[in-house]
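In what follows, a single structure is set out as structure tokens and then discussed.
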2 protein chains.
Amino acid sequence: MKLQQLRYIWEVAHHDLNVSATAQSLFTSQPGISKQIRLLEDELDIEIFTRSGKHLTNVTPAGEAIIKLSGEILGQVANIKRIAQEYNKEERGELRIACTAQLNRDTLPGLIARFSVAYPEVVLSLYEGTPSEIEGWLIDGEVDLAISNEDIGFTPDVVRIPCASWQRALLLPKGHPLTEIEVVTLKALSEYPLITYSFDAPRGSDLTKAFKKQGHEANIVFTATDAQVIGNYVEQGIGIGIITAMPVEVANHGTLEVISLKSLLPACMTYICASKKLFLRTYMYAFIELTAPHLTQGVVERVFAKRGKAQIENSLMTAEINVQ
Amino acid sequence: MKLQQLRYIWEVAHHDLNVSATAQSLFTSQPGISKQIRLLEDELDIEIFTRSGKHLTNVTPAGEAIIKLSGEILGQVANIKRIAQEYNKEERGELRIACTAQLNRDTLPGLIARFSVAYPEVVLSLYEGTPSEIEGWLIDGEVDLAISNEDIGFTPDVVRIPCASWQRALLLPKGHPLTEIEVVTLKALSEYPLITYSFDAPRGSDLTKAFKKQGHEANIVFTATDAQVIGNYVEQGIGIGIITAMPVEVANHGTLEVISLKSLLPACMTYICASKKLFLRTYMYAFIELTAPHLTQGVVERVFAKRGKAQIENSLMTAEINVQ
DNA sequence: CCCCATTACGTAGCACGTAACAATG
DNA sequence: CATTGTTACGTGCTACGTAATGGGG
């Protein structure tokens, strides 16, 4: 059994069982992969993939389990490399970050700018996806850190640390009826078409959940990835916007009005997540600390040392800083 | 990076940094290992071992971390092989069991006899050691299952399942003063020299703890590995014996008397343990079930699926059967 | 002076690439 | 017929073993 063989079966399984495509992405030849997989199957005396003629059609149950373990092994091999680099005081390294579209526009650019000044030799890769996709990438070890503002990190092997919370706000055209009301209610909001962020959280957006909880239905007619776009459509009269009160300003000052929904909707939490098995390099701790100043290396190390997610949440909710 | 290189550094670290001895135990040449370690160190650009002249003298901090990860990787590789054999419906396999001396004499022979009738093709290895040693073997993956009657399994990655509890009993020469007393107390026991099992539990024997709890001191003058030997020395008048009321009979019927200590000392619990990361083959489940009939594959699977030791203890203490 | 790790060197094996082949849709 | 996996084959690398070398205790 060779590490490459494990890598090959893992990669093929993650390339829709297409060996040719896998070979291309690994910059090697297709027969090489084919042969190594065959050799591994011979050695283990088991079929990992089912074949129909000249096509890989499926993964056997045994293959399923073996590919999963292979993924963990490859992750630990990557950790060994990280450890070596870290003790070697290498400034170089790699940092793969996943985030949602919203954060990608509003929050990350600033973070990344500051990070890459401090660590110019770290190669940054940024992946944008839905919370579900992000969670999958974390589990598969395809990204190192993830930042999300919807619920994420329910898998036991993913550590989730709350790093900031944002109040929501209502974005209205000037003179809209709701600007006249003293106290805006969910019931009132449910009577207007809403524009908010695109989401695809594995357990549903907490916005829709908040409406449901009071027996109303959020009538979301349009979603966009960032506040600016939402503002534009509010201006067009498509609906009223619900955004997070992020530090970035919406440019449409003249024609729009912002009303805080602090008492009406739950705060929107931003989480930073990583696989519990990841060996964290110094620059990774540094990046986490950039997202929230109280998340020092010591704090994060303690979170990772703990088992059981409940403990983690408790220990951090108290330390959490509420950024408005 | 090759799997063999990881194996080599792990084995060398577990052979007192003696490369020659490691080579012998792996049936390979010493220069081969030496070279591969060097190659790995070159590739990672880091020292794993410190050398003074021609001797390996120490493990570097980085080496420490890398060797630990290597151990986990090798364990998962072993799991892949187990998975392959299992799905291949192989009857063959390997089962390495660790146990304490006491269980090795009194309990295991019967278990193993029954097991090897059911699974004649499984190669059994039995390792006898102190609870501390046993725990180390489990963590290092040098044994698959462990059975211990002292406290063990405090490491987070070790699953501990109670499988039987035994009452303790007093072994006295006929006509001994204690046979006249209606109710034996710890205070009374503390006034006689005691003979009991050898132990080396990581947190101390629960026998001595029981005495301490009531402010007395157990005056243990002699320890032996099994009840038979203890009986012989009780017969010699060296002291009075404290044994577990195991199903095996002490042969010295004529000259000795047995008094139950059920109400005086806590029951002695026997645990079966395994690394949480171990892939359990069918015959391993079968062996566990032999130790306690209520530990069916389904029950054990559920225990392994859970995280956090607290949950495990709770779920099982209730299901536990009290064998007298 | 013994033990031990490293260096030197030769060989057998194997991973990988190119090219031809076969099967699927 | 285009795409994809397998077989065939040649080559260059490398893991491993034997033998020789050198450093410590």
Side-chain angles (χ1 to χ4, degrees), chain A residues 1-60 62-63 66-67 70 73-74 77 80-81, chain B residues 1-60 62-63 66-67 70 73-74 77 80-81:
Chain A
M1 194 182 315
K2 306 265 159 53
L3 279 177
Q4 280 156 347
Q5 295 172 333
L6 301 184
R7 173 162 291 120
Y8 285 164
I9 60 170
W10 193 92
E11 292 284 350
V12 167
H14 286 75
H15 280 84
D16 296 326
L17 306 185
N18 183 327
V19 179
S20 304
T22 308
Q24 278 199 325
S25 89
L26 295 181
F27 304 102
T28 184
S29 75
Q30 180 271 326
I33 295 185
S34 223
K35 180 142 194 207
Q36 289 308 312
I37 293 179
R38 265 288 161 45
L39 282 173
L40 178 62
E41 290 181 320
D42 287 350
E43 180 183 342
L44 296 177
D45 194 19
I46 200 172
E47 295 253 290
I48 292 172
F49 302 106
T50 57
R51 296 158 170 83
S52 116
K54 296 276 177 179
H55 286 259
L56 302 192
T57 53
N58 244 316
V59 181
T60 64
I66 290 172
I67 288 165
S70 299
I73 290 172
L74 297 170
V77 167
I80 287 181
K81 290 179 186 157
Chain B
M1 196 182 317
K2 306 265 158 56
L3 278 175
Q4 281 156 348
Q5 295 173 333
L6 301 183
R7 175 163 289 121
Y8 285 165
I9 61 171
W10 193 92
E11 292 284 349
V12 166
H14 286 74
H15 280 83
D16 297 325
L17 306 184
N18 184 326
V19 179
S20 303
T22 307
Q24 279 199 324
S25 88
L26 295 181
F27 304 102
T28 183
S29 76
Q30 180 270 327
I33 294 185
S34 226
K35 180 137 194 216
Q36 289 308 312
I37 292 179
R38 265 283 157 55
L39 282 174
L40 179 61
E41 289 180 320
D42 287 350
E43 179 182 340
L44 295 177
D45 194 19
I46 199 172
E47 295 254 290
I48 293 172
F49 301 106
T50 56
R51 297 156 169 84
S52 120
K54 295 275 178 179
H55 286 258
L56 303 192
T57 54
N58 244 316
V59 181
T60 64
I66 290 172
I67 288 165
S70 300
I73 290 172
L74 297 171
V77 168
I80 288 181
K81 290 179 186 159

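Hydrogens, waters and symmetry mates play no part in the numbers below; they use all other heavy atoms, side chains included. So that the names make sense, note that chain A is the first sequence line, chain B the second, and so on, each numbered from 1.
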Phosphate OP1/OP2 of D/dT18: any B/S29 side-chain N/O under 4.0 Å: no
Please state how far atom CD1 in A/I37 lies from atom P in D/dT7, giving the value in whole angstrom units. 13 Å
Please classify the nucleic acid contact of B/L26 as base, sugar-phosphate, or nothing, using heavy-atom distances under 4.0 Å. nothing
Is B/S52 close enough to D/dG23 that one of its side-chain N or O atoms is under 4.0 Å from OP1 or OP2 there? no
Please tell me if B/S34 has a side-chain N or O lying less than 4.0 Å from either OP1 or OP2 of C/dT7. no
Without decimals, in angstroms, what is the distance between B/D42 CG and C/dT6 C1'? 13 Å
Nearest-nucleotide wise, let me know which of B/L39 and B/P31 is further upstream toward the 5' end of DNA chain D. B/L39
Below the 4.0 Å mark, does D/dG5 have OP1 or OP2 next to a side-chain nitrogen or oxygen of A/Y8? no
Assuming nearest nucleotide by heavy-atom distance, tell me which of A/F27 and B/L56 is located more 5' along DNA chain C. B/L56
Round to a whole Å and report the spacing from CD1 of B/I33 to C1' of D/dT18. 15 Å
Using OP1 and OP2 only, check whether a side-chain N or O of A/S20 sits under 4.0 Å from D/dT3. no
Should we say atom CG of B/D42 is surrounded by more than 12 heavy atoms from elsewhere, each under 6.0 Å from it? yes
Between C1' on C/dG13 and NZ on B/K2, what's the gap in Å once rounded to a whole number? 13 Å
According to a strict under-4.0 Å criterion, is B/Q4 in side-chain N/O contact with OP1 or OP2 of D/dC16? yes
Counting just side-chain N and O atoms, does B/R51 come under 4.0 Å of either OP1 or OP2 of C/dT6? yes
Between P of D/dG5 and CG of A/D16, the distance in whole Å: 11 Å
Please check: side-chain N/O of B/T28 versus main-chain N/O of B/A23, any donor-acceptor pairing under 3.5 Å? no
Tell me whether A/T60 contacts the main-chain N or O of A/E47 through its side chain, where contact means a donor paired with an acceptor under 3.5 Å. yes
Could you give the CE-to-P distance, from B/M1 to D/dT14, as a whole number of Å? 16 Å
When you check the phosphate oxygens OP1 and OP2 of C/dT7, does a side-chain N or O of B/K35 lie under 4.0 Å from one of them? no
Thinking salt bridges, do A/E43 and B/K81 make one under a 4.0 Å N-O criterion? no
Under the 3.5 angstrom rule, does the side chain of A/S29 hit a backbone N or O of A/G32 as a donor-acceptor pair? yes
Once you round it to whole Å, what is the distance between C1' of D/dT6 and CZ of A/R38? 8 Å
Can you tell me the distance, in whole Å, between the CG atom of A/L17 and the P atom of C/dG25? 14 Å
Check whether any side-chain nitrogen or oxygen of B/Q30 sits under 4.0 Å from OP1 or OP2 of C/dT6, and answer yes or no. no
